[in-house]
Structures are given as structure tokens and as C-alpha cells.
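The next block holds one structure in the form of C-alpha cells; read it before the comments.
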Amino acid sequence: MSDIETLQAAIQSHWPGPPGEKAVRYIGHFTDCTRCGTKVVATVVGNHGTYTVSIAAGGGGVTSACSCYIGKGGYCHHCAALAHTFLRNPDSFREIQTIPREAVSGLPDLQAYLAGITLEELLAQLKAHGITQKAFAEGVGTSPQHLGAIKSAELRNHFFNDLGATKLAVLWVMEHFGKKKL
Ligand SMILES: [Zn+2]
């Protein structure tokens, strides 16, 4: 099964049936539609600004999020609308390739790499190298609360200005002080 088919199947089982009335008016009105593997991201203009909406298939289910005020758990009508937009026209989503860390050779690659991995995933890798989130936060002079806020905000499609710098700090610490994986 291709990534598109995997995502379509996951979306169909998560949002069965026709879209609700509130979702319908957003279907087909998304911009910056991109797909990376089995994850799609797009923006849409809502009642209180422009929202970033994402849906990812993985682990036999769907993870969705929206930056609107009720979108944290991915249950808002923007998520449903993105789901139906993708089902109707998957080819309108521009494909983005992820870049493995070893292949990053310059600043444009770096941005693509950092966009393709969440701070949560990087902190999990750091933990596998024997360094906890708390120890990392203390080591770089930030509070565990702030680090946790950056991490959970990203999962809700809210992006702190220091998100990229924090990811780089995790990579640096992992490379210099992390224990090799067994
Ligand atoms: Zn929303």
C-alpha cells in the first residue's frame, strides 16, 4: 500500500460518513497543502485567524491536530474538513521528502530535516541515549516547564520561536554526551 492509500484508509475509518455542516464550508479551501509520507499539513482561514491543521496515520490509527482554540485533540471541524479535502483530491497535496540526519549538508537541508522531526521525537531519542528531558533542560539553562511547553505546542501546531534552536540543542547534546545505543 502506498503512503497515500495508507493515509486514505486511516482517514476513512477515523471520519466515516459524510462531513458535518460546519466542516463542509472548509473542504477544498486549504492552502499550503503538503504531504510527507503518511502525514498531511495545510492551513485554512477560520473565524479567528489562519489555522495550521495536520493529520498523520501511524500505529494503526490517526493523529490529528489544529491550532484553533478547540483543535488540540484534533476533534474540530477543520480536521474533519482537511480529512475530506485529502480524500477528494490527494494529488493537490505537494509531496515533501524527509531528509535523514546524515544527509543534511547545508542550511536549506537543515530546515527540511528539522521540519520532518518533532521535538517530542528528538527528546525520545535523547532519552534512549540516557539523557532525560529534565537533565537536558537544566543543562541548557531552560526550565523543564518551558521545554515541555515548546514540545506540546508543536504537537498542537503552535510553533515557538525557539523550536528550531531547541531541536538543534537536543541534537548537539545527543551527539556530544549521549551514550551510544546498545
Ligand atoms: Zn480547528
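Throughout, residue positions are numbered sequentially from 1 according to the sequence presented.
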Separation between [atom1] of [X] and [atom2] of [Y], rounded to the nearest 0.5 Å:
X: I150; Y: D162; atom1: CD1; atom2: CG; result: 4.0 Å
X: Y69; Y: R156; atom1: OH; atom2: CZ; result: 14.0 Å
X: K127; Y: K134; atom1: NZ; atom2: NZ; result: 13.0 Å
X: I99; Y: D109; atom1: CD1; atom2: CG; result: 4.0 Å
X: L114; Y: L163; atom1: CG; atom2: CG; result: 8.0 Å
X: F136; Y: L122; atom1: CZ; atom2: CG; result: 9.5 Å

Looking at every heavy atom in both [X] and [Y], which two are closest together, and how far apart are they?
X: C76; Y: G71; answer: SG-CA, 4.0 Å
X: S67; Y: Y51; answer: OG-CA, 3.3 Å
X: P100; Y: Y113; answer: C-CD1, 4.3 Å
X: E95; Y: Q97; answer: OE2-NE2, 3.6 Å
X: G148; Y: Q133; answer: CA-NE2, 4.0 Å
X: P16; Y: S13; answer: CD-O, 3.7 Å

Under 3.5 Å, is there a donor-acceptor pair between the side chain of [X] and the main chain of [Y]?
X: K167; Y: I117; answer: yes
X: T43; Y: T31; answer: yes
X: N157; Y: T52; answer: yes
X: E121; Y: T118; answer: yes
X: E154; Y: L119; answer: yes
X: H176; Y: W172; answer: yes
X: R94; Y: I96; answer: no
X: S64; Y: I55; answer: no
X: T85; Y: G28; answer: yes
X: T38; Y: A56; answer: no

With side chains defined as the heavy atoms from C-beta onward, is the minimum distance between [X] and [Y] less than 4.5 Å?
X: V140; Y: V170; value: no
X: Q8; Y: P90; value: yes
X: H14; Y: Q12; value: no

For H77 and Y26, take the angle between the two ring planes, folded into 0 to 90°, and tell me which bin it lands in: parallel under 30, tilted 30 to 60, perpendicular over 60. parallel
Decide, yes or no, whether a salt bridge links R101 with E175 under the criterion of side-chain N to carboxylate O below 4.0 Å. no
Let me check something: do [X] and [Y] share a hydrophobic cluster, defined by ILVMFWY side-chain heavy atoms less than 4.5 Å apart, either directly or through other members?
X: L123; Y: F159; result: yes
X: I27; Y: V45; result: no
X: W15; Y: Y75; result: no
X: V44; Y: L87; result: yes
X: L82; Y: L155; result: no

Would you check if the distance from the ring center of H129 to the ring center of F177 is below 6.0 Å? no
Surrounding NZ of K39 (heavy atoms of other residues, nucleotides or ligands, distance under 6.0 Å), is the total greater than 12? no
If you count every heavy atom of other residues, nucleotides or ligands that lies below 6.0 Å from I70 atom CD1, does the total exceed 12? yes
Does M174 form a side-chain contact (heavy atoms from CB on, under 4.5 Å) with Q125? I'd like the steps, not just the answer. CA-CA 8 Å; M174 189 150 53; Q125 288 182 17; 3.5 Å; yes
Quick one, F30 with V53, criterion side-chain contact (heavy atoms from CB on, under 4.5 Å). Give me CA distance, side-chain angles, the key distance, then yes/no. CA-CA 9 Å; F30 286 84; V53 193; 3.9 Å; yes
When you look at F86 and I4, which way does the side-chain contact (heavy atoms from CB on, under 4.5 Å) test go after all the steps? CA-CA 9 Å; F86 182 74; I4 289 180; 4.0 Å; yes
Apply side-chain contact (heavy atoms from CB on, under 4.5 Å) to the pair T132 and L126, showing each step before the final yes or no. CA-CA 7 Å; T132 65; L126 189 67; over 6 Å; no
